[in-house]
Novice: 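Input: one structure, supplied below.
All values below were derived from every heavy atom in this structure, side-chain atoms included, with hydrogens, water molecules and symmetry-related copies excluded. Every number for a ligand or one of its atoms is a count from 1 in the order of the listing.
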Amino acid sequence: MNVQASPESGITTQVGITRGYMSGFGNGFETEALPGALPVGRNSPQQCPYGLYAEQISGSPFTAPRTTNERSWLYRIRPTVMHWGDFRKVEAHLWLTSPAEAIELPPAPLRWDPIPIPAEPLSFIDGIRTMTTAGDAGSQAGMGAHLYLATRSMQDEYFYNADGEMLVVPQQGRLRFRTEFGIINVEPGEIVVIPRGVKFAVDLLDGPARGYLCENYGGAFTLPERGPIGANCLANQRDFLTPVAAYEDRDAPGTMLVKWGGTVWAAEIDHSPLDVVAWHGNYAPYKYDLRKFSPVGPILFDHADPSIFTVLTSPSETPGTANIDFVIFSDRWLVAENTFRPPWYHLNVMSEFMGLVYGVYDAKTGGGFQPGGASLHNTLLPHGPDMDAFEKASNAELKPHKLEGTLAFMFETRFPQKVSRFAAEIPALQKDYGRYGRKLARHFNPPANT
Ligand SMILES: O=C(O)Cc1cc(O)ccc1O
Ligand SMILES: [Fe+2]
């Protein structure tokens, strides 16, 4: 496959300064931070260049078909076994993994105000708060929907997640992900995906940060099929960016955090494990700018299913039944004639966790769905536009209208989502949201009896 340098490229070995990315989705990339660090023509030479260790990370079973086979070869100062220590459990972490404690609530749609970022020192990992869990991580099915609330960078702390792939949706504050594979900078409007097992640390570039995290226990996120749409539009492969190699050669006491089996574990470490000097393969973190998504929609009448806005999908074993769909609602023109243009009222066998990065979501113009907030429309629970959105859209003049400055998203899973104690007990939970539908007016106007 082709590897192109993105305009942002420019390989430098200086840690923290690297800005280079390679473009493409699922490519077989190769990159080195020191010239000649990557062995040529073989994966495991008797001695690697510069005295590096070779290490493979497998993201799929060895024998997975080529289309889903994922692995990378890392050439590093120390192999991961040398990062290992005596792990202790990090107690009372608010990061839950399915099956987890769930609060039984009456069936109703739920919505949360933006959750304030606390003043206390919280790293990206400390600040993960589970909202819902679904499926069963041990069976590699389902997901966790989390928020992160961070107030400090990770200093000599490193993390990896053996339980799931992590899709991060920043809502406030730019982040720098220093990963084993290189450096990824993201801002609200972009996402970053960190595959299982990939070590990283997160720096805050603008102070306190908030956002959403989808932890995918199932099949790795991939691009949805485009069917009759053809070879272009939606999320285009070339807009996915994977970092060029960059390494830290740093000896300092620190902490290695590992999420494994639903628990966050911590061990002492005396050096940075982000010490990969060169790598090649197709298992690597990437980022994507959601503003590059090219939406396709109805250009004459009706409102299409939201699947047309799928950015990434985590497949299950059942064709057409996603473990997770990551769907966005971004700037676009509404042009449909004689059409109620916002989302229709519906009940969905998949469950829908939604967040708002910025702007106003067209189904909820009544003011209750705020940037940084969240909603949960669980399996087969009725939902749709609030009264304000319904009345406006039913009476609007149907000239072409552009939705601008808006970015909402949905983590949609085939599994019911269970609500965490944190989500059920925080004051941000809107007590009256379950009754928003009752505010809709009755409009039935049959002909008068004669
Ligand atoms: O419920 C929601 O707001 C998400 C959604 C949007 C849409 O355009 C159609 C269906 C749907 O579930
Ligand atoms: Fe919906």
Novice: For H346 and ligand 1, does the shortest N/O to N/O distance drop below 3.5 Å?
Specialist: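 Indeed, backbone or side chain, H346 has an N or O that close.
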
Novice: Taking backbone and side chain together, does H377 place any N/O/S atom at a distance below 2.8 Å from the Fe ion (ligand 2)?
Specialist: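 No, H377 does not qualify, because none of its backbone or side-chain N, O or S atoms lies under 2.8 Å.
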
Novice: Could you tell me the angle subtended at the Fe ion (ligand 2) by OE2 of E352 and NE2 of H346, rounded to 10°?
Specialist: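 Result: 100°, to 10°.
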
Novice: Checking contacts here: is it the side chain or the backbone of E352 that comes within 4.0 Å of ligand 1, counting heavy atoms only? Could be both or neither.
Specialist: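 Under 4.0 Å from ligand 1, E352 contributes side-chain atoms alone.
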
Novice: Examine ligand 1 and decide if any of its atoms is less than 4.0 Å from a heavy atom belonging to E412.
Specialist: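 Outside the 4.0 Å threshold, so no.
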
Novice: Is the distance between the ring centroids of H401 and W333 under 6.0 Å?
Specialist: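 Not close enough - the centres of the two rings lie 6.0 Å or further apart.
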
Novice: Can you measure from NZ (K199) to CD1 (I57) and round to the nearest 0.5 angstrom?
Specialist: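 Output value for this atom pair is 6.5 Å.
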
Novice: Are any of the side-chain heavy atoms of N27 and F240 separated by less than 4.5 Å?
Specialist: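 No; the side chains remain at least 4.5 Å from each other.
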
Novice: Between Y286 and Y288 (judged by ring centroids, cut-off 6.0 Å), do the two rings come close enough to count as a pair?
Specialist: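 Not under 6.0 Å, so no.
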
Novice: Going by the order shown, which atoms of ligand 1 are within less than 4.0 Å of some heavy atom of Y361?
Specialist: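 Once the distances to Y361 are compared, the set is 2 (C), 3 (O), 4 (C), 5 (C), 6 (C).
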
Novice: Do any heavy atoms of F309 fall under 4.0 Å from ligand 1?
Specialist: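 No; F309 lies far enough from ligand 1 that no heavy-atom distance drops under 4.0 Å.
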
Novice: Are F390 and F340 an aromatic pair by the rule of ring centers under 6.0 Å?
Specialist: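 Between F390 and F340, the centre distance is under 6.0 Å.
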
Novice: Would you say V169 and F326 make side-chain contact, with heavy atoms under 4.5 Å?
Specialist: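 Side chain of V169 against side chain of F326, heavy atoms only: contact under 4.5 Å found.
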
Novice: Hey, do the aromatic rings of F159 and W260 have their centres closer than 6.0 Å?
Specialist: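 Centroid distance F159-W260: not below 6.0 Å, so no.
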
Novice: Hey, which atoms in ligand 1 end up nearer than 4.0 Å to a heavy atom of W344?
Specialist: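 Selected atoms, number and element: 9 (C), 10 (C).
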
Novice: Under 4.0 Å from a heavy atom of H303: which atoms of ligand 1 are those, numbered in the order shown and with their elements?
Specialist: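 Once the distances to H303 are compared, the set is 7 (C), 8 (O), 9 (C).
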
Novice: For M354, take its heavy atoms, then give the atoms of ligand 1 lying under 4.0 Å from any of them.
Specialist: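 The list of qualifying atoms is 2 (C), 3 (O), 4 (C).
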
